[in-house]
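Any value given below was found using the heavy atoms of this structure, including those in side chains, with hydrogens, waters and symmetry copies removed. Here the structure is a predicted model, which means the values were calculated and not measured.
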Amino acid sequence: MADMTAEEFEREWDELVLKVSKHFKVSAEYEFILFVTGIQEMGWGLREFSKTEKMDLINVARCRILVRQGYIKETGIDAEGFPIFEASPKLKSMMPSFQNQLIKKGLIDYFKTVEFA
């Protein structure tokens, strides 16, 4: 992930939000983008999801983005078919606001290489 200025980051984030909003015909926000990323990563189609499933999908997306950045590693699959992750000590000590910034940058990169299912 190349370093970008704050202005470049904001512009690219806004472009991603607009792209997702247009594609899904919603006003996409951070959590929604994570949700659709989780669906994509699990290989599931759009359907009705329970609140727990939505939270699990958002978590899968966060973790998979952080795997791509080297902050987490995937260690297996649980009984329900969800991936199991292990965070690095560096991530555990990171402030949540910085984690969210990293994830947003990761989502920008992710959607440059992955098309919507």
Side-chain angles (χ1 to χ4, degrees):
M1 174 175 59
D3 288 328
M4 59 177 85
T5 66
E7 293 80 20
E8 290 169 328
F9 168 73
E10 287 300 325
R11 180 182 49 75
E12 289 200 32
W13 178 252
D14 290 346
E15 286 173 6
L16 176 60
V17 169
L18 184 60
K19 177 181 176 180
V20 173
S21 295
K22 283 182 175 180
H23 183 82
F24 291 99
K25 297 176 178 59
V26 298
S27 292
E29 295 179 19
Y30 178 63
E31 297 270 317
F32 182 80
I33 295 171
L34 285 169
F35 172 63
V36 297
T37 302
I39 292 169
Q40 177 81 20
E41 284 297 300
M42 292 300 292
W44 298 352
L46 281 178
R47 60 173 173 82
E48 289 293 317
F49 292 98
S50 69
K51 183 174 175 131
T52 300
E53 286 174 320
K54 288 177 183 175
M55 297 309 296
D56 288 344
L57 288 165
I58 288 169
N59 189 52
V60 165
R62 278 190 181 107
C63 291
R64 285 274 171 85
I65 293 297
L66 291 167
V67 164
R68 291 167 64 111
Q69 297 171 322
Y71 289 97
I72 289 181
K73 68 180 181 182
E74 196 167 329
T75 59
I77 304 280
D78 71 13
E80 296 174 359
F82 282 94
I84 300 169
F85 300 96
E86 182 181 314
S88 71
K90 186 175 180 180
L91 182 69
K92 291 177 183 177
S93 65
M94 198 180 289
M95 293 185 60
S97 60
F98 189 72
Q99 278 185 32
N100 284 341
Q101 195 81 346
L102 268 178
I103 293 167
K104 282 183 175 182
K105 286 180 180 177
L107 286 166
I108 290 167
D109 288 343
Y110 180 85
F111 280 100
K112 287 179 181 176
T113 60
V114 174
E115 289 299 317
F116 298 115

Please answer: with hydrophobic residues joined when any side-chain heavy atoms are less than 4.5 Å apart, are [X] and [Y] in the same cluster?
{"X": "Ile84", "Y": "Ile65", "value": "no"}
{"X": "Ile108", "Y": "Phe98", "value": "yes"}
{"X": "Ile77", "Y": "Val67", "value": "no"}
{"X": "Trp13", "Y": "Leu18", "value": "no"}

Which atom of [X] lies closest to which atom of [Y], heavy atoms considered:
{"X": "Phe111", "Y": "Lys19", "result": "O-NZ, 3.4 Å"}
{"X": "Ala28", "Y": "Ser21", "result": "N-OG, 2.9 Å"}
{"X": "Ala61", "Y": "Gly38", "result": "CB-N, 3.5 Å"}

Would you give the length of the straight line joining atom [atom1] of [X] to atom [atom2] of [Y], rounded to the nearest 0.5 angstrom?
{"X": "Asp56", "Y": "Lys51", "atom1": "CG", "atom2": "NZ", "answer": "12.5 Å"}
{"X": "Ser50", "Y": "Met55", "atom1": "OG", "atom2": "CE", "answer": "11.0 Å"}
{"X": "Gln99", "Y": "Lys92", "atom1": "CD", "atom2": "NZ", "answer": "11.5 Å"}
{"X": "Lys104", "Y": "Gln101", "atom1": "NZ", "atom2": "CD", "answer": "6.5 Å"}
{"X": "Lys105", "Y": "Leu16", "atom1": "NZ", "atom2": "CG", "answer": "14.5 Å"}

Listed pairs under 3.5 Å, donor-acceptor, residues 30-37 side chains, sequence neighbours left out:
residue : atom : partner : partner atom : Å
Tyr30   : OH   : Asn100  : OD1          : 3.0
Glu31   : OE2  : Arg62   : NH2          : 3.1
Thr37   : OG1  : Ile33   : O            : 2.7

Measure the shortest side-chain to side-chain distance between [X] and [Y] over non-hydrogen atoms and say whether it is less than 4.5 angstrom.
{"X": "Phe49", "Y": "Ile39", "result": "yes"}
{"X": "Thr113", "Y": "Arg68", "result": "yes"}
{"X": "Phe82", "Y": "Asn59", "result": "no"}
{"X": "Glu53", "Y": "Met42", "result": "no"}

Show the numbers, then the answer: is there a side chain to side chain contact (heavy atoms under 4.5 Å, CB included) between Leu102 and Met94? CA-CA 10 Å; Leu102 268 178; Met94 198 180 289; 3.4 Å; yes
Within 45° of the axis and under 6.0 Å from the centre of the six-membered ring of Tyr71, does NZ or CZ of Lys90 qualify?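 Verdict for Tyr71: no cation-pi partner in Lys90.
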Strictly distance-based, threshold 3.5 Å: is any side-chain N or O of Ser88 a donor or acceptor partner for the main-chain N or O of Ile72?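 A pair under 3.5 Å: no.
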Please answer whether the main-chain N or O of Arg64 pairs with a side-chain N or O of Glu41 as donor and acceptor at a distance below 3.5 Å.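 Answer holds: no.
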More than 12 heavy atoms of other residues, nucleotides or ligands under 6.0 Å from CD of Glu15: yes or no?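 For Glu15, atom CD is crowded (more than 12 foreign heavy atoms under 6.0 Å).
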Please assess Leu57 against Trp44 for the test side chain to side chain contact (heavy atoms under 4.5 Å, CB included), listing each intermediate value before the final yes or no. CA-CA 10 Å; Leu57 288 165; Trp44 298 352; 3.7 Å; yes
Name all residues meeting the side-chain hydrogen bond (donor to acceptor under 3.5 Å, both in side chains) criterion together with Glu10; count only those two or more places apart in sequence or in a different chain, and write none if there are none.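 Scan of Glu10 (side-chain hydrogen bond (donor to acceptor under 3.5 Å, both in side chains), adjacent residues dropped) gives none.
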